[in-house]
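Lettering of chains follows the sequences in order, A, B, ..., and the numbering in each one begins at 1.
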There are 2 protein chains.
Amino acid sequence: MGRPRTFDIDTAVDRAMELFWRQGFEATSTEDLVESLGIARGSLYKAFGSKEQLYALALRRYCQRHAAGLTEVLDRAEQVRPAIRAVLLELMEADLADPERGCLLVNAATERSAHPDTVLQVSRTMGQVESALAGALERARVRGEIAADKQPQELAQFLTTFLQGLRVMGKARADRAFLNNAVEVALGALD
Amino acid sequence: MGRPRTFDIDTAVDRAMELFWRQGFEATSTEDLVESLGIARGSLYKAFGSKEQLYALALRRYCQRHAAGLTEVLDRAEQVRPAIRAVLLELMEADLADPERGCLLVNAATERSAHPDTVLQVSRTMGQVESALAGALERARVRGEIAADKQPQELAQFLTTFLQGLRVMGKARADRAFLNNAVEVALGALD
DNA sequence: ACAGTTGTGGACTGATCAGTCTCCTACTTC
DNA sequence: GAAGTAGGAGACTGATCAGTCCACAACTGT
């Protein structure tokens, strides 16, 4: 069986995710990873193979949490509209609190658009975000919470797009009033 | 007076802009720049000082063109609403045609959010975009093209945010139908 | 034509890059 | 407790990084 691993893989991936999130792929060196993960280079390469593969793992985990979190909030919600507002405002607050981080999904989409694996992961996750929103909006439509002539999928595609813009403006240091106005106008699309 | 420069500074900045646009700051090496600009390292450093300064120049130029282009289109327009649609669709087409490039402004906002100079340049340009839109919308409101109870600034902040999202979704390889739906829903905010 | 000045090209620098190798340690199984 | 196995630590690799240096070229003013 051999010597057991003295570090936790999940914890290590979380720390790597934090670094890539904050600094991007290119600006994060393997030295940064070794320091922050608290393990030696040899162990890092034995466990994860390469910087690219560790990035892929970290991104996949972020995407899963991101999509799962959104789906859960929308599924739980009794009313869809306040739930969507809550989601947008929560992410807005995250950006205001820590603008250097932003959204790893957006960072990945922009920094690594020449890397097919990353692009695929990003676009799949965007699809999940869209689906979660479309599902919630469809339920809202059936319940009469939004007008019957609205197309849930079109609204979902709009909201998915708007959400990414919100994250970009958060990184660009737009202030709370600006972002709040943007969110309120966007929510007007549901009327 | 000394030996005259044998390359054109403006052309060199344009080529650097293209490289940074496509690859980002970190992934572009000085070797790439030397090759693409067709000048020697010594000349590059004598003319531009450092990779950072050349990036700053390239970004500033992009921002100026971006803001000026938008302002001009909106100022020329007889009707504001079709002009805004045209702007959004034009940028959408640019992303569909060349998704690896996207928008340098968005790329800069996400990749370099830890660099104050870049952040300042980006946020100033976002402000210009907002102003251009707000000005056009105010004129539209006065002319009765949009409802009198709409707030031009709020709409402008929304559209500015949405626009950045459109560029991100373009990079994430969303298809034309998706982006088109998003744009049409967004334009609904003007109703 | 000569002095002064500034751009050019490319060799060169030390630092850092991602990734490998090897010796050592710590565990399981029998 | 011995044999077998797998992780840990960190020195090491060649490549590449951003940036410097300097001998030389090409121009201006006198």
Side-chain angles (χ1 to χ4, degrees), chain A residues 1-60 104 107-108 111-112 114-118, chain B residues 1-60 104 107-108 111-112 114-118:
Chain A
M1 274 287 151
R3 181 174 174 173
R5 197 174 269 128
T6 56
F7 66 94
D8 182 60
I9 290 269
D10 283 345
T11 307
V13 173
D14 276 343
R15 293 206 179 148
M17 181 174 77
E18 182 68 25
L19 272 184
F20 286 130
W21 197 347
R22 211 167 273 287
Q23 308 182 340
F25 177 82
E26 293 288 346
T28 300
S29 68
T30 53
E31 188 55 36
D32 290 339
L33 291 165
V34 163
E35 260 181 57
S36 172
L37 273 57
I39 62 180
R41 300 178 81 74
S43 307
L44 190 153
Y45 276 88
K46 195 159 278 185
F48 301 113
S50 71
K51 185 186 167 187
E52 292 260 0
Q53 288 174 59
L54 178 51
Y55 179 82
L57 269 181
L59 177 60
R60 191 174 320 153
L104 177 53
N107 300 351
E111 184 184 7
R112 294 181 57 79
H115 297 78
D117 290 355
T118 303
Chain B
M1 274 289 153
R3 179 173 175 175
R5 194 173 272 129
T6 56
F7 66 95
D8 181 58
I9 290 268
D10 283 344
T11 307
V13 173
D14 276 343
R15 294 206 179 150
M17 180 173 79
E18 182 68 25
L19 272 184
F20 286 130
W21 196 348
R22 212 168 272 287
Q23 308 183 340
F25 177 82
E26 293 287 348
T28 301
S29 69
T30 53
E31 187 56 36
D32 291 339
L33 291 165
V34 163
E35 259 181 58
S36 172
L37 273 57
I39 62 179
R41 301 177 80 73
S43 308
L44 189 153
Y45 276 88
K46 192 157 277 184
F48 301 112
S50 70
K51 186 185 165 186
E52 292 259 1
Q53 287 174 59
L54 178 51
Y55 179 83
L57 270 180
L59 177 60
R60 192 175 317 153
L104 178 54
N107 300 351
E111 185 184 6
R112 294 182 55 80
H115 298 77
D117 290 355
T118 303

Locate the shortest heavy-atom distance separating A/Thr28 from A/Asp32; write the atom from each residue and the value.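 Closest approach of A/Thr28 to A/Asp32: CA-OD2, 3.7 Å.
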Which atom names give the shortest non-hydrogen contact between A/Leu104 and A/Leu59, and what distance separates them?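 Looking at all heavy atoms of both residues, the shortest contact is CG-CD1, 4.1 Å.
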Send over the distance from [X] [atom1] to [N] [atom2], rounded to a whole Å.
X: B/Lys46; N: D/dA18; atom1: NZ; atom2: C1'; value: 17 Å
X: B/Arg5; N: C/dT6; atom1: CZ; atom2: C1'; value: 9 Å
X: A/Ile39; N: D/dG8; atom1: CD1; atom2: C1'; value: 10 Å
X: A/Leu44; N: C/dT20; atom1: CG; atom2: C1'; value: 13 Å
X: A/Tyr45; N: C/dT20; atom1: OH; atom2: C1'; value: 9 Å
X: A/Leu33; N: C/dG19; atom1: CG; atom2: P; value: 10 Å
X: B/Glu35; N: C/dG10; atom1: CD; atom2: P; value: 13 Å
X: B/Gln53; N: D/dG19; atom1: CD; atom2: C1'; value: 12 Å

Could you write out each protein N or O paired with an N or O of nucleotides 10-17 of chain D at a distance under 3.5 Å?
{"residue": "D/dG10", "atom": "O6", "partner": "A/Gly42", "partner atom": "N", "Å": "3.4"}

B/Ser50 side-chain proximity, nearest of C/dA18, D/dG7, D/dG19: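 In terms of side-chain proximity for B/Ser50, the closest of C/dA18, D/dG7, D/dG19 is D/dG19.
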A/Asp14 versus A/Glu18: any side-chain heavy-atom pair under 4.5 Å?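 When only atoms from C-beta onward are counted, A/Glu18 and A/Asp14 do not touch, as no gap falls below 4.5 Å.
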Taking it one step at a time, do B/Leu57 and B/Phe48 satisfy side-chain contact (heavy atoms from CB on, under 4.5 Å)? CA-CA 9 Å; B/Leu57 270 180; B/Phe48 301 112; 3.7 Å; yes
Just call it for B/Phe7: base, sugar-phosphate, or nothing, with non-hydrogen atoms closer than 4.0 Å on any strand.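 B/Phe7: backbone/sugar contact only, no base atoms under 4.0 Å.
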Fit a plane to each ring of B/Phe20 and B/Phe25, take the angle between them on a 0 to 90° scale, and name the class: parallel (under 30°), tilted (30 to 60°) or perpendicular (over 60°).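 Aromatic pair B/Phe20/B/Phe25 classed parallel.
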Please determine if A/Arg112 forms a cation-pi arrangement with A/Tyr55, meaning its NZ or CZ atom is less than 6.0 Å from the six-membered ring centre and no more than 45° off the ring axis.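 Satisfied, under 6.0 Å and within 45°.
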